[in-house]
Amino acid sequence: MFKKAVEAKAQQRLSGADRKKLKRTIRGRFPRASDADIDALLPPKAEITVSKFQNRVHVYGVEGGFPLFFDVDGRGSEIYPTVFALWKLPEMLPYFMLKGGEVSRFVIGGADLMFPGISVAAEGLPSFSAGEPWAVKVPGNPAPIAVGSTTMSSAEALKAGLRGKALRIMHYYRDLLWQSVEGHYVANSGFLEDVVLEDPSFLASNQPSDSSEGATCESDVQQSCVNNENTEGSIDVNGAISDACAASMQNDSENAAKEITTDASDLKSTANVDAAKLDIELSSLSIEDVDSHLDRCLLQALHTTVKDKDLPMPGSTLWSNHVLPCRPSGITLDIKKSSHKKLSKWLQAKSSTGLITVKEDKYKKEAMLISVIRGHPEYLQFKPEKRPVEKVVQAGDSAASESRSQKALEVVEVYKSSVHVNPIFASVGADTGKLYSASEATDIVFKYIEKENLVKQTNKATVVLDATLCDALFKGAIKKGSTYPTEIHKKDLGATFINRMQAHHMVTRGGESVVRKGVLKTVQIVTERRQGNKKVTKVSGLETFLIDPEALASELQKKFACSTTVAELP
């Protein structure tokens, strides 16, 4: 899930209703966690944020903290705790215990967990169903190293002889989700040090192998340890290892443990000092300092992310998507701790200086950023900071635009043989179950005409209808009492023949293609008036063109600075 780098396309705070819904989902998904446990992870008075990624994953966490839960499809049906959350509540999920440290090397390298790598207790394999969330632990350490979803039930596993894939790993220790917050996390969290830094053997036994020494695991038959420095050994299914490999692993683990213990002690002391400095800095910020940070963040946003094409822009969008991401590392901006107290008053104050133009929306009662005066002295004197993050975002945007250009939409009308025209297809040996384009279908009927020699000799543009062709074109379409035609013009023959076939359409976007029966249905756009002068625009039929409604709703929300919702049609 987090093997490849994916940029978050949006981040926002959850409303009160969404917070309650999230807690209800977590409570139903993880019955082992009590209400007190959930409140410990998501405090009632703390701000909870959601980061929406381009692969539809939603990541939830406390604002300014670390990610706690992630939703695979963004619909709340497949939500999992992160390793961070499991370190606070290790018993939130049932867990599989690994046979040894060598197996964990592959798990934290991104490989799925296989049944031969699991240590089964004396009482037997625990009971579980397919699709359940389970954690992974190593012997001697209570902290889980990964979380995933079971691929089969316990009954199916026993029937298969405890072979094959046991757990599809969703998130693991030191993956990209971990790395994205690791620096901030070490400096601002205590229990990371308590769990990892005070138990360096966890890191020593769970570090990925170096380039000079590799290890491979054939989990269905055996696990093998390979040392490129002329030391070889093997680990069988029961976990017995040869003396040479055991001695090599023991020496490596001891050396790694010594190094990590030294580094951990230095890191812990440094983290404590940094955290103490950070607490002093945050508590010593005066009102003037907050105002100064607000002004700098606004100027940074106006120089880097706020474009004239995006205006007008609601004040809330300016604050959440542009000003907050420009704040310095370790600084939490709160408009209530400034001299302005409210976002609208702060924007009006900056408008009075002439830097920006702000106007209040009389319907939404919200301050709107209308324009940026880029010739203002304050704007010209400010030198924006060059941040490496911006390059990554730009690279992600270019990759996204390139992928969108590759996903060109192609719609083709195709036709399938029906009971009316089946005799024509059978006569020329054509496949009645195949899909044909309009030109290919027309060629088939003209092959039949050529085979039966039905072209009128005195007028080459006219076709004489025999019984088979007449029934194919007109049977059931002529009213009772009317006479059937005896001939037809060639220019009318193709359209008449195609109308007697079953219409289909094929939609292709990128590598995805789908064929549906019937004519192509168009996208319906309807505007309705709600109470007062409010209007809502309803769009339906997007699935016909392989458009994801969730992704489009997110794009429209940013493009038009409006609220969007996705609901199923009745």
Side-chain angles (χ1 to χ4, degrees), residues 1-2 6 8 10-53 55-96 113 126-137 142-151 153 167-173 175-178 180-181 184-185 188-192 195 550 554 565-567:
M1 185 59 63
F2 299 102
V6 181
Q11 182 177 8
Q12 63 189 40
R13 291 180 178 179
L14 291 184
S15 62
D18 290 337
R19 289 161 58 99
K20 294 179 181 178
K21 182 180 179 181
L22 175 62
K23 288 190 174 183
R24 285 196 304 268
T25 303
I26 294 173
R27 192 176 295 110
R29 177 82 165 164
F30 311 111
R32 287 170 166 245
S34 62
D35 292 343
D37 293 336
I38 297 175
D39 288 339
L41 291 177
L42 303 173
K45 294 187 178 180
E47 292 291 345
I48 301 176
T49 61
V50 54
S51 299
K52 299 180 180 180
F53 290 80
N55 56 357
R56 298 186 183 180
V57 177
H58 290 185
V59 178
Y60 299 92
V62 178
E63 187 175 39
F66 45 86
L68 296 174
F69 297 92
F70 63 94
D71 190 354
V72 175
D73 57 1
R75 300 178 183 272
S77 57
E78 290 189 66
I79 192 168
Y80 297 86
T82 63
V83 173
F84 303 104
L86 289 176
W87 283 6
K88 277 194 170 184
L89 297 176
E91 302 303 325
M92 179 188 296
L93 289 182
Y95 62 89
F96 291 117
L113 178 61
S127 177
F128 55 86
S129 303
E132 287 185 357
W134 278 62
V136 180
K137 292 185 179 182
I145 64 170
V147 60
S149 173
T150 54
T151 60
S153 64
L167 201 67
R168 185 164 63 95
I169 300 299
M170 299 290 187
H171 162 54
Y172 54 91
Y173 172 72
D175 64 358
L176 289 175
L177 178 62
W178 171 287
S180 65
V181 297
H184 170 78
Y185 188 54
N188 294 286
S189 177
F191 78 88
L192 171 65
V195 175
E550 295 280 357
S554 178
T565 57
V566 178

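Just so it is clear, the structure is predicted and the values come from calculations on it, not from any experiment.
Here CZ of Arg13 is found 4.0 Å from CD of Glu63. Values are rounded to the nearest 0.5 Å. Atom CG of Leu86 is separated from atom CZ of Phe84 by 11.0 Å, given to the nearest 0.5 angstrom. Rounded to the nearest 0.5 Å, atoms CZ (Phe30) and CG (Leu89) are 11.0 Å apart. To the nearest 0.5 angstrom, Lys88 atom NZ is 10.0 Å from Thr82 atom OG1. Distance CZ/Phe53 to NE2/His58: 10.0 Å, rounded to 0.5 Å. Note that the CD atom of Gln12 and the OG1 atom of Thr49 stand 9.5 Å from one another [nearest 0.5 Å].
Classification of Asp39 and Lys23 as a salt-bridged pair holds, one side-chain N sitting under 4.0 Å from a carboxylate O.
Ring geometry for Tyr173 against Trp87 counts as tilted: the plane angle lies between 30° and 60°, on a 0 to 90° scale. Using a 30° and 60° split on the angle between ring planes, Phe128 and Trp134 fall in the perpendicular class, above 60°.
No side-chain heavy atom of Met170 sits less than 4.5 Å from a side-chain heavy atom of Pro133. A heavy-atom distance below 4.5 Å is not found between the side chains of Pro90 and Tyr95.
Around atom CZ of Arg27, more than 12 heavy atoms belonging to other residues, nucleotides or ligands sit under 6.0 Å away. Within a 6.0 Å radius of CZ in Arg56, no more than 12 heavy atoms belonging to other residues, nucleotides or ligands are found.
Listed here is the closest heavy atom pair of Pro144 and Pro142: CD-O, 3.3 Å. In terms of heavy-atom proximity, Arg29 sits nearest to Glu78 at NH2-CA, 4.0 Å. For Ile169 against Tyr172, the heavy-atom pair with the smallest separation is CG2-CD2, 3.9 Å. The minimum heavy-atom distance between Pro81 and Phe70, with the atom names listed, is O-CE2, 3.7 Å.
Both the sub-6.0 Å distance and the 45° axial angle are not jointly satisfied by Arg19 relative to the ring of Tyr60.
Proximity of a side-chain donor or acceptor of Asp71 to a complementary backbone N or O of Arg75 within less than 3.5 Å is detected. Judged by distance alone, the side chain of Ser153 and the main-chain N or O of Ser129 form no donor-acceptor pair under 3.5 Å. In this structure, Thr150 contributes its side chain and Gly131 its backbone to a donor-acceptor pair below 3.5 Å.
Here the rule is side-chain contact (heavy atoms from CB on, under 4.5 Å) with Met92, and of Leu41, Asp37, Val147 only Leu41 fits it. Among Thr25, Leu22, Ile26, Ile48, the one residue that satisfies the side-chain contact (heavy atoms from CB on, under 4.5 Å) test with Phe69 is Ile26.
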